[in-house]
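All heavy atoms count here, side chains included; hydrogens, waters and symmetry mates do not.
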Amino acid sequence: MRPEGSIVVAWPRRAVINVGARQETVIEVDVWPTRSWHVGWTICWECGGDGDWTKYHPEPEALLEPLACVECKGTGRRPVSI
């Protein structure tokens, strides 16, 4: 049972984050919480959330096997500070 007057938070929440090597690109993403409430996760903006970076490779036909996304390690999710 929730204490009276407590705030109900609906997830996912929209967040504006800075990305890129110099943090100069601003994007808006959905963020889901983790158990710590200080770190959330979002869908990887490099691979689109599927963990496969093959479609963005300059020569995908030259690859012998699918290439996992380097940023999310093939999970499709990335941690963000909330």
Side-chain angles (χ1 to χ4, degrees):
M1 180 174 226
R2 230 177 35 242
E4 187 176 330
S6 63
I7 298 173
V8 177
V9 180
W11 294 97
R13 300 190 69 182
R14 295 297 283 177
V16 176
I17 59 174
N18 297 326
V19 298
R22 297 187 190 137
Q23 304 290 312
E24 72 274 1
T25 305
V26 178
I27 63 172
E28 189 174 341
V29 294
D30 288 329
V31 177
W32 287 267
T34 59
R35 292 180 183 223
S36 72
W37 289 94
H38 297 289
V39 176
W41 64 268
T42 185
I43 293 174
C44 180
W45 51 83
E46 292 292 330
C47 66
D50 63 1
D52 184 19
W53 200 76
T54 307
K55 59 187 171 274
Y56 300 113
H57 193 276
E59 298 176 358
E61 63 278 351
L63 297 173
L64 300 176
E65 59 185 35
L67 186 63
C69 179
V70 176
E71 296 296 326
C72 69
K73 313 293 188 276
T75 63
R77 300 188 303 174
R78 295 188 59 163
V80 291
S81 178
I82 54 174

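- With sequence neighbours excluded, no residue forms a salt bridge (charged side-chain N to carboxylate O under 4.0 Å, His left out) with E59.
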(request) Evaluate side-chain contact (heavy atoms from CB on, under 4.5 Å) for D30 paired with R13, printing each intermediate quantity in order. (result) CA-CA 5 Å; D30 288 329; R13 300 190 69 182; over 6 Å; no
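- Under a hydrophobic clustering in which Ile, Leu, Val, Met, Phe, Trp and Tyr are joined whenever their side-chain heavy atoms come within less than 4.5 Å, directly or via other members, W41 and V80 fall into different clusters.
- For R14, the CZ atom counts as densely surrounded, since its 6.0 Å shell holds more than 12 non-hydrogen atoms of other residues, nucleotides or ligands.
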Cut-off 3.5 Å, no hydrogens considered: what does the side-chain donor-acceptor table look like for residues 66-74, sequence neighbours left out?
| residue | atom | partner | partner atom | Å |
| --- | --- | --- | --- | --- |
| E71 | OE1 | R78 | NH2 | 3.3 |
| K73 | NZ | V70 | O | 3.2 |

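- In this structure W45 satisfies the ring pair (Phe, Tyr, Trp, His ring centres under 6.0 Å) test with no other residue, sequence neighbours excluded.
- Under the 4.5 Å side-chain heavy-atom criterion for ILVMFWY residues, no single connected hydrophobic cluster contains both W32 and V29.
- Cluster membership check: I27 shares its hydrophobic cluster with V31, using side-chain heavy-atom separations under 4.5 Å among Ile, Leu, Val, Met, Phe, Trp and Tyr.
- Considering all non-hydrogen atoms of both residues, G49 and I43 come closest at CA-CG2, 3.3 Å.
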